[in-house]
Engineer: 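Pasting a structure here, questions to come.
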Amino acid sequence: MANEVNGTVCVITNGSGTIVGQGSGTLALAGTPIVISNKSNGDNVTVIDGSLAGQQLTYACEFVYNTDTQFQKVNNDAITGTMDTYTITIPTAGTTDESYSALMQPGAISLAMPHGESVKSSVTFSSSGAITHTPFAA
């Protein structure tokens, strides 16, 4: 497929730096259409155009555990419930990379420690408040 983007080059930063580590993740944007149906539209559902309720960005990811300062900050923030501004950037071949940024709280941290393999740290970042999306620009 032409113009595809490899997840290996995605970057996660917080207010004080880039989170170092190999990993993979899933970014999800939640939002529910606001229903304004009434009998004048018959039995059809009608929603408000350009508006969603309950908008939230979540980023669930897994990193190879490491001792880098920014990586350890994420672990500490998950334990204490501390929020920071996190940005997930998807580098592209365009003039502007696509990115999502929000005040987020890391949580739901878990460590997998398989015998003879790298320790893996799973964490979910959940947004609080407004989400800033910078779309890709060619």
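Keep in mind the model is a prediction, meaning the values are calculated, not measured. As a basis for the values below, the full set of heavy atoms in this structure was taken, side chains included, without hydrogen atoms, waters or symmetry mates. One is the number of the first residue; the rest follow in order along the sequence.
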Engineer: Considering non-hydrogen atoms only, spot the tightest contact between S37 and V45 and give its length.
Structural biologist: OG-CA, 3.2 Å
Engineer: Could you grab the distance from atom NZ of K120 to atom OG of S24, nearest 0.5 Å is fine?
Structural biologist: 9.0 Å
Engineer: If we only count heavy atoms from C-beta on, is the I19 to V74 side-chain gap below 4.5 Å?
Structural biologist: yes
Engineer: Are the side chains of T46 and V35 in touch, meaning some heavy atoms are under 4.5 Å apart?
Structural biologist: no
Engineer: For residues A60 and T124, report the shortest heavy-atom separation together with the two atoms involved.
Structural biologist: CB-OG1, 3.8 Å
Engineer: Hey, are the side chains of D77 and F125 touching, using non-hydrogen atoms and a 4.5 Å cut-off?
Structural biologist: no
Engineer: Taking all heavy atoms of S128 and all of M83, pick out the closest pair and write down the distance.
Structural biologist: CB-SD, 3.7 Å
Engineer: May I ask you to decide if G129's main-chain N or O and Q55's side chain share a donor-acceptor pair within less than 3.5 Å?
Structural biologist: no
Engineer: What verdict does the ring-ring contact (aromatic ring centres under 6.0 Å, His included) test give for F71 and F63, after you've listed the backbone C-alpha separation in whole Å, the side-chain angles of each residue and the deciding distance to 0.1 Å?
Structural biologist: CA-CA 9 Å; F71 178 83; F63 290 104; 5.8 Å; yes
Engineer: Assess the residue pair T134 and E98 against the criterion (side chain to side chain contact (heavy atoms under 4.5 Å, CB included)); give the C-alpha distance rounded to whole Å, side-chain angles, the decisive distance to 0.1 Å, and a yes or no.
Structural biologist: CA-CA 5 Å; T134 304; E98 183 168 5; over 6 Å; no
Engineer: Would the distance check show the side chain of S127 and the main-chain N or O of L57 forming a donor-acceptor pair, the cut-off being under 3.5 Å?
Structural biologist: yes
Engineer: Under 3.5 Å, is there a donor-acceptor pair between the side chain of D97 and the main chain of F136?
Structural biologist: no
Engineer: Contact between S99 and I90 at the side-chain level, heavy atoms closer than 4.5 Å - yes or no?
Structural biologist: no
Engineer: Hey, what do you get for CG (N66) to CG (N75), rounding to the nearest 0.5 Å?
Structural biologist: 9.0 Å
Engineer: Looking at every heavy atom in both Y59 and M104, which two are closest together, and how far apart are they?
Structural biologist: N-CE, 4.4 Å
Engineer: Enter the distance from Y86:OH to I12:CD1 here, rounded to the nearest 0.5 Å.
Structural biologist: 9.5 Å
Engineer: Roughly how far apart are T13 OG1 and I88 CD1, rounded to 0.5 Å?
Structural biologist: 8.0 Å
Engineer: Are the side chain of S101 and the backbone of T132 linked by a donor-acceptor contact shorter than 3.5 Å?
Structural biologist: no
Engineer: With salt bridge (charged side-chain N to carboxylate O under 4.0 Å, His left out) as the test, would you mind laying out the steps for D84 and K73 before giving the verdict?
Structural biologist: CA-CA 10 Å; D84 198 348; K73 179 184 182 316; 3.0 Å; yes
Engineer: Are side-chain N/O atoms of N14 and Q70 paired as donor and acceptor at under 3.5 Å?
Structural biologist: yes
Engineer: Hey, are the side chains of I109 and S121 touching, using non-hydrogen atoms and a 4.5 Å cut-off?
Structural biologist: yes
Engineer: Which atom names give the shortest non-hydrogen contact between S126 and Q56, and what distance separates them?
Structural biologist: CB-NE2, 3.6 Å
Engineer: Can you name the closest pair of heavy atoms from P114 and S118 and give their distance?
Structural biologist: CD-O, 3.8 Å
Engineer: Is the shortest heavy-atom distance from the side chain of I48 to the side chain of I34 under 4.5 Å?
Structural biologist: yes
Engineer: Do M113 and V123 sit in one hydrophobic cluster, given that two such residues count as connected whenever their side-chain heavy atoms are within less than 4.5 Å of each other, even indirectly?
Structural biologist: yes
Engineer: For N38, does the CG atom sit with more than 12 other heavy atoms under 6.0 Å from it, leaving out its own atoms?
Structural biologist: yes
Engineer: Is there a path of hydrophobic side-chain contacts, each under 4.5 Å between heavy atoms of I/L/V/M/F/W/Y residues, joining L27 to I131?
Structural biologist: yes
Engineer: Taking atom OH of Y100 and atom OG1 of T89, what is their separation to the nearest 0.5 Å?
Structural biologist: 11.0 Å
Engineer: Look at the side chain of Q105 and the backbone N and O of G81, then say whether any donor-acceptor pair between them is shorter than 3.5 Å.
Structural biologist: yes
Engineer: When you check the side-chain N and O atoms of T80 and T82, is any donor under 3.5 Å from an acceptor?
Structural biologist: yes
